[in-house]
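Reckoned from all heavy atoms, side chains included, excluding hydrogens, waters and symmetry mates. Both counts, for ligands and for their atoms, begin at 1 and track the order of listing.
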Amino acid sequence: MQWLGKNKDGYRGERIEIREILSDALEAARKHGWQIETLAAAPGLILYAVSRVIPTATRNIYLSTGIHGDEPAGPLAVRQLLQEDAWPAHANLWLCPCLNPTGFPLNRRENAGGIDLNRDYRHLESPEIRAHVAWLDRQPAFDLALGLHEDWETHGFYLYELNPDNRPSLAERVIAAVSRVCPIETARIIEDRPAQNGIIRPQMDPTQRPRWPEAFYLISRKTRLSYTLEAPSDFPLPTRVAALATAVNAACNQGPITPSPVLYARG
Ligand SMILES: [Zn+2]
């Protein structure tokens with residue numbers, strides 16, 4: 001598997017046409033009977049949330065992506081997952097397919113106003129996150145929350161686990177599944193935190209942190225088990241999409257792990 005070495009001081013890889021990707025994702029959701037909600041963040045600024053609630057559900061799962069406009073693999077993976085429609089049978093699902101629609105056309109992490117939305121969940125300074133949090137607060141508690149991201153500096157896939165009650169961890173099974181389609185980051189320190197085989201388990205108290213990522217909000221108010229999934233964005237885009245889609249399937253489907261049909265040899 002080739003590390004491309006393209007990303008010099010930021011993401012320099014493929015871009016996506018976010019409107020097109022979102023439109024495909026919503027169409028797939030509609031086709032498979034999901035409910036689509038539009039969240040009006042500001043005039044001309046709309047976020048989407050899609051959900052599938054079924055009477056036989058035993059679990060509530062939440063997913064989000066596209067909060068950083070220079071991380072195209074997340075919205076692509078979510079589109080693929082909605083099109084494949086291979087979700088677990090007994091789960092309710094809530095999914096935000098793109099939280100930063102103004103960042104993607106600029107290929108930049110922040111929104112068009114220069115705010116890193118994934119640091120805005122404590123003070124709610126941006127219209128996007130105000131709308132998102134208002135929507136989140138109307139939803140039930142989640143048994144599992146997954147955030148799909150990319151990291152332009154890493155040499156492999158890794159994840160953050162927030163699991164304050166020491167529930168059965170999904171981290172090892174996610175890493176095992178992803179390792180079949182994408183290299184895993186083996187560094188012992190990732191983003192200044194101790195890591196083991198691509199797993200970071202930060203010990204931190206959100207109340208001590210001035211600026212909250214989405215995961216802190218979720219772990220404080222909505223869930224007790226959260227994963228932030230980080231694909232290595234200096235690898236070919238199909239590999240990163242496969243890594244994220246495989247990670248979601250491994251986390252959501254509790255049965256035996258099946259490899260994603262997209263193998264990284266293709267990248
Ligand atoms: Zn990110």
Angle between ring planes, [X] versus [Y], binned at 30° and 60°: parallel, tilted or perpendicular?
| X | Y | value |
| --- | --- | --- |
| Tyr121 | Tyr217 | tilted |
| Trp135 | His132 | parallel |
| His149 | His68 | perpendicular |

Original post:
Of all the atoms in Glu71, is at least one N, O or S atom closer to the Zn ion (ligand 1) than 2.8 Å?
Top reply: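 Under 2.8 Å: Glu71 contacts the Zn ion (ligand 1) through an N, O or S atom.
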
Original post:
His68: which N/O/S atom is nearest the Zn ion (ligand 1)?
Top reply: ND1

**OP:** Tell me which N, O or S atom of His149 sits nearest to the Zn ion (ligand 1).
**Re:** ND1

Subject >> Pair Glu230 + Arg240: basic N to acidic O under 4.0 Å >> reply: no

